[in-house]
Amino acid sequence: MIIQHLHAFQVGVADTSTLIYLERLALLPLALRVFDLLLIPSVIAEYGSQPEGAILVPVPGSGRTDELICQTAQLLNQPVLSEDRQVLRCAHRLDLKYYNTLMLMLALCAQGHLPLAAFPPQREKLCGFARYGAEVLAVGDAVYRDLLGQTGLR
């Protein structure tokens, strides 16, 4: 089921941490070419600029950035892209789909924009600065193995 969502993924409301993580992996330009990354004004302010290709969307009201990301995603019926536990909890409460950078990398692989062979070194680099729990990494690794299996590269 996850792989189907990754093959179909096209757009999401991103938070600052996801932009930073993608930038640190040198994948932000690729992600912005492939996906529609929707940003609210406070995320752009936190990040320091609007990355080329990112789409500015108005917010439905006022409040904390975390809440506004989820409210915007709910209003637009789009998934949340975040590394922040509070944002992901909010998305879960609102029954929104959500993805972290690990899953965005896998979506790039699933859609053929990032070679599967690039995933292991990128995962290692990501784990050097991201704080993913063992369960999150295990899901990512299982999805990666499934993608390899689909291509016959196991």
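Residues take their numbers from the sequence shown, with the count starting at 1. As the structure is a computational prediction, the values presented were derived from the model and not from experiment. All heavy atoms count here, side chains included; hydrogens, waters and symmetry mates do not.
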Chemist: Would you compute the distance between atom NE2 of His7 and atom CD1 of Ile2 and round it to the nearest 0.5 angstrom?
Modeler: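 It comes to 12.0 Å.
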
Chemist: Quick one: closest heavy-atom pair of Ala118 and Leu114, and the distance?
Modeler: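 What the structure gives for the nearest pair is CB-CD1, 3.9 Å.
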
Chemist: Can you find a pair of side-chain heavy atoms, one from Gln71 and one from Val59, that are under 4.5 Å apart?
Modeler: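 Result no, sub-4.5 Å side-chain heavy-atom pair not found.
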
Chemist: So, using side-chain hydrogen bond (donor to acceptor under 3.5 Å, both in side chains) as the criterion, who are the partners of His5 when residues are at least two apart?
Modeler: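 Once residues adjacent in sequence are excluded, the partners of His5 under the side-chain hydrogen bond (donor to acceptor under 3.5 Å, both in side chains) criterion are Lys97.
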
Chemist: Calculate, to the nearest 0.5 Å, the distance between atoms CG and OG1 belonging to Leu27 and Thr101 respectively.
Modeler: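 Here the rounded value is 9.0 Å.
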
Chemist: With sequence neighbours excluded, what pairs up with Phe35 under the ring pair (Phe, Tyr, Trp, His ring centres under 6.0 Å) test?
Modeler: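 In terms of ring pair (Phe, Tyr, Trp, His ring centres under 6.0 Å), with neighbours along the sequence ignored, Phe35 is linked to Phe9.
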
Chemist: Can you name the residues that form a ring pair (Phe, Tyr, Trp, His ring centres under 6.0 Å) with Tyr47, not counting sequence neighbours?
Modeler: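 Ring pair (Phe, Tyr, Trp, His ring centres under 6.0 Å) check on Tyr47 returns nothing, list empty.
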
Chemist: Quick one: does Leu32's side chain get under 4.5 Å of Leu22's, heavy atoms only?
Modeler: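 With C-beta onward as the side chain, the pair stays apart.
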
Chemist: Just to verify, what does Asp36 make a salt bridge (charged side-chain N to carboxylate O under 4.0 Å, His left out) with, not counting sequence neighbours?
Modeler: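 Checked Asp36 against salt bridge (charged side-chain N to carboxylate O under 4.0 Å, His left out); zero matches.
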
Chemist: Which residue pairs pass the salt bridge (Lys or Arg N to Asp or Glu O under 4.0 Å) test when at least one of the two sits in residues 129-142, sequence neighbours left out?
Modeler: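 Sorted pair list: Arg123-Asp141.
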
Chemist: Using the side-chain hydrogen bond (donor to acceptor under 3.5 Å, both in side chains) criterion, which residues pair with Asn100? Sequence neighbours excluded.
Modeler: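 For Asn100 there are no side-chain hydrogen bond (donor to acceptor under 3.5 Å, both in side chains) partners, ignoring immediate neighbours.
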
Chemist: Carefully, step by step, assess Asp84 and Thr18 under the rule side-chain contact (heavy atoms from CB on, under 4.5 Å).
Modeler: CA-CA 9 Å; Asp84 186 298; Thr18 298; over 6 Å; no

Chemist: Given side chains that start at C-beta, do those of Arg145 and Gln150 come closer than 4.5 Å, heavy atoms only?
Modeler: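 Heavy-atom side-chain distance check fails, nothing below 4.5 Å.
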
Chemist: Leu104 versus Leu108: any side-chain heavy-atom pair under 4.5 Å?
Modeler: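 With C-beta onward as the side chain, the pair stays apart.
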
Chemist: If I compare all heavy atoms of Ala91 with all of Val80, which pair ends up nearest, and what's the gap?
Modeler: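 For Ala91 and Val80, the tightest heavy-atom pair comes out as CB-CG2, 3.9 Å.
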
Chemist: Taking the side chain as C-beta and beyond, is there a heavy-atom pair between Leu37 and Pro51 under 4.5 Å?
Modeler: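 A side-chain contact is absent here, since even the closest heavy-atom pair is not under 4.5 Å.
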
Chemist: List the residues meeting side chain to side chain contact (heavy atoms under 4.5 Å, CB included) with Leu94, not counting sequence neighbours, and say none if there are none.
Modeler: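 Only Cys70, Gln74, Cys90, Leu96 meet the side chain to side chain contact (heavy atoms under 4.5 Å, CB included) criterion with Leu94.
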
Chemist: Could you go step by step and tell me if Val143 and Ile3 meet the side-chain contact (heavy atoms from CB on, under 4.5 Å) rule?
Modeler: CA-CA 7 Å; Val143 170; Ile3 289 180; 4.0 Å; yes

Chemist: Ignoring hydrogens, what is the shortest heavy-atom contact between Met105 and Leu126? Give both atom names and the distance.
Modeler: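 Closest approach of Met105 to Leu126: CE-CD2, 4.1 Å.
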
Chemist: Using a 4.5 Å cut-off on heavy atoms from C-beta on, say whether the side chain of Ile55 contacts that of Leu39.
Modeler: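 Sidechains of Ile55 and Leu39: no contact.
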
Chemist: According to side-chain hydrogen bond (donor to acceptor under 3.5 Å, both in side chains), who are the partners of Asp66, at least two apart in sequence or on a separate chain?
Modeler: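 Checked Asp66 against side-chain hydrogen bond (donor to acceptor under 3.5 Å, both in side chains); matches are Arg64.
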
Chemist: Looking at OG of Ser82 and CZ of Arg89, how far apart are the two atoms once the value is rounded to the nearest 0.5 Å?
Modeler: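 Answer for the OG-CZ pair, Ser82 versus Arg89, is 12.0 Å.
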
Chemist: What residues form a side-chain hydrogen bond (donor to acceptor under 3.5 Å, both in side chains) with Glu46, not counting sequence neighbours?
Modeler: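 In terms of side-chain hydrogen bond (donor to acceptor under 3.5 Å, both in side chains), with neighbours along the sequence ignored, Glu46 is linked to Thr16, Thr65.
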
Chemist: First locate atom CZ of Arg24, then atom OG of Ser17, and finally report the distance between them rounded to the nearest 0.5 Å.
Modeler: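 Arg24 CZ to Ser17 OG: 12.0 Å, rounded to 0.5 Å.
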
Chemist: Determine, stepwise, if the pair Leu81 / Val13 fulfils side-chain contact (heavy atoms from CB on, under 4.5 Å).
Modeler: CA-CA 6 Å; Leu81 312 176; Val13 180; over 6 Å; no

Chemist: Considering non-hydrogen atoms only, spot the tightest contact between Leu68 and Gly63 and give its length.
Modeler: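 For Leu68 and Gly63, the tightest heavy-atom pair comes out as CD1-O, 3.4 Å.
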
Chemist: Could you tell me which non-hydrogen atom of Gly140 sits nearest to which non-hydrogen atom of Met103, and how far apart they are?
Modeler: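 Here Gly140 and Met103 meet closest at CA-CE, 3.6 Å.
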
Chemist: Answer whether the closest heavy-atom distance between the side chains of Ile69 and Val43 falls below 4.5 Å.
Modeler: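 Contact flag for Ile69/Val43 side chains = yes.
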
Chemist: NE2 of His92: more than 12 outside heavy atoms within 6.0 angstrom?
Modeler: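 Check fails, neighbour count at 12 or below.
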
Chemist: For Leu56, what residues pass the side chain to side chain contact (heavy atoms under 4.5 Å, CB included) criterion, not counting sequence neighbours?
Modeler: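 Residues passing side chain to side chain contact (heavy atoms under 4.5 Å, CB included) with Leu56: Pro41, Ile44, Gln50.
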
Chemist: Tell me, please, which residues at least two apart from Ala45 pass side chain to side chain contact (heavy atoms under 4.5 Å, CB included).
Modeler: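 Checked Ala45 against side chain to side chain contact (heavy atoms under 4.5 Å, CB included); zero matches.
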
Chemist: Please round to the nearest 0.5 Å and tell me the distance separating atom CG of Leu102 and atom CD of Glu83.
Modeler: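 Reported value, rounded in 0.5 Å steps: 8.5 Å.
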
Chemist: Which pairs pass ring-ring contact (aromatic ring centres under 6.0 Å, His included) with one or both residues in residues 108-151, sequence neighbours excluded?
Modeler: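 Passing the test, one end in residues 108-151: Tyr21-Phe129, Phe119-Tyr144.
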
Chemist: Determine whether Leu30 and Val34 satisfy the following criterion, side-chain contact (heavy atoms from CB on, under 4.5 Å), listing intermediate values before the conclusion.
Modeler: CA-CA 6 Å; Leu30 175 61; Val34 173; 3.8 Å; yes

